[in-house]
Amino acid sequence: MATSTKQNSPDKQRKFFKPVYSVAHTADGPITEPRNAREALASPQAVQWLKSIRSEMEGLAKKGTYVDATLPKGARAIPTQLVFKVKLDEAGNVKRYKCRLVVKGYHQRCCINYDESFAPVAHATAIRVALALTVAKDWDITHVDVTQ
């Protein structure tokens with residue numbers, strides 16, 4: 001009796017395989033960036049990841065980014081996902097554990113889930129003009145890293 005090998009072909013398996021890379025090494029072992037909340041909370045750094053998740057959710061609630069609402073009949077919520085990153089300092093040591101809640105925007109449809117979109121991005125030309133003015137006027141530049 002012949003069996004189908006199409007299900008177990010290496011090409012099919014590779015499609016869903018996402019390698020996990022170590023981003024830092026500590027005395028406790030390597031630190032990896034989890035792919036989801038389950039992995040984060042099952043990792044040796046679960047306490048740090050949980051603090052990061054709480055910080056993200058509190059920051060979003062504090063800014064009024066979202067409100068709890070009842071969906072209209074027949075509507076589906078746009079799914080979200082937590083994205084985890086390990087931030088390192090110049091020496092390669094762990095600086096902080098960062099978590100962001102992102103919307104899977106590819107599930108949206110124009111004029112149904114949204115009417116317009118806006119993403120504030122500074123163009124390279126605008127940055128060059130600002131730097132040229134700074135040099136010409138002998139101004140000081142200060143870098144500010146916004147956490148939320």
Side-chain angles (χ1 to χ4, degrees), residues 8-72 74-148:
N8 299 328
S9 69
D11 290 336
K12 189 131 183 135
Q13 290 174 353
R14 265 187 246 135
K15 188 177 191 180
F16 298 105
F17 176 71
K18 181 180 179 187
V20 178
Y21 299 103
S22 296
V23 293
H25 292 278
T26 64
D28 299 330
I31 296 176
T32 58
E33 292 177 344
R35 294 173 284 190
N36 54 48
R38 182 177 289 137
E39 283 185 13
L41 298 178
S43 74
Q45 297 81 23
V47 173
Q48 291 90 338
W49 288 123
L50 187 58
K51 284 180 187 177
S52 178
I53 292 169
R54 285 187 180 145
S55 173
E56 174 70 1
M57 299 309 287
E58 288 170 2
L60 292 172
K62 183 178 171 183
K63 290 184 177 181
T65 304
Y66 67 93
V67 293
D68 290 330
T70 305
L71 287 172
R76 289 187 294 169
I78 298 171
T80 59
Q81 178 178 351
L82 290 169
V83 177
F84 300 93
K85 290 288 178 191
V86 176
K87 297 296 183 176
L88 306 175
D89 63 10
E90 300 80 26
N93 301 316
V94 176
K95 187 175 179 182
R96 71 180 200 161
Y97 294 82
K98 186 176 178 182
C99 170
R100 288 287 176 247
L101 181 69
V102 297
V103 176
K104 295 182 178 179
Y106 51 85
H107 286 276
Q108 292 179 303
R109 291 175 291 173
C110 184
C111 301
I112 295 173
N113 301 108
Y114 69 94
D115 293 322
E116 60 184 60
S117 62
F118 175 73
V121 177
H123 292 280
T125 306
I127 293 171
R128 285 189 200 107
V129 169
L131 290 173
L133 280 171
T134 302
V135 171
K137 302 278 186 177
D138 197 28
W139 292 339
D140 292 330
I141 296 178
T142 303
H143 171 77
V144 178
D145 189 12
V146 180
T147 57
Q148 266 298 338

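Values below: all heavy atoms of this structure, side chains included; hydrogens, waters and symmetry mates excluded.
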| query | Is a side-chain N or O of Ser52 found less than 3.5 angstrom from the main chain of Cys99, in a donor-acceptor match? | reply | yes

| Student check: side-chain heavy atoms of Leu101 and Met57 closer than 4.5 Å | yes

| Rounded distance (nearest 0.5 Å) linking atom NZ of Lys98 with atom CD of Glu56 | 9.0 Å

| Which residue pairs pass the salt bridge (charged side-chain N to carboxylate O under 4.0 Å, His left out) test with at least one member in residues 84-93, sequence neighbours excluded? | Glu33-Lys85

| message | Arg38: which residues meet the side chain to side chain contact (heavy atoms under 4.5 Å, CB included) condition with it, sequence neighbours left out? | response | Asn36

| remark: Residues Pro34 and Trp49: closest non-hydrogen pair is CD-CZ2, 3.4 Å

| remark: In terms of heavy-atom contacts, Ala37 and Phe84 come closest through N-CE1, 3.7 Å

| query | Which value, rounded to the nearest 0.5 Å, describes the distance between Thr125 atom OG1 and His123 atom NE2? | reply | 8.0 Å

| Does the side chain of Val102 reach to within under 4.5 Å of the side chain of Thr80, using non-hydrogen atoms? | no

| request: Check Ile31 against Tyr97 and note the closest heavy-atom contact, atom names and distance. | output: CD1-OH, 3.3 Å

| query | For Leu131, what residues pass the side chain to side chain contact (heavy atoms under 4.5 Å, CB included) criterion, not counting sequence neighbours? | reply | Ile127, Ile141

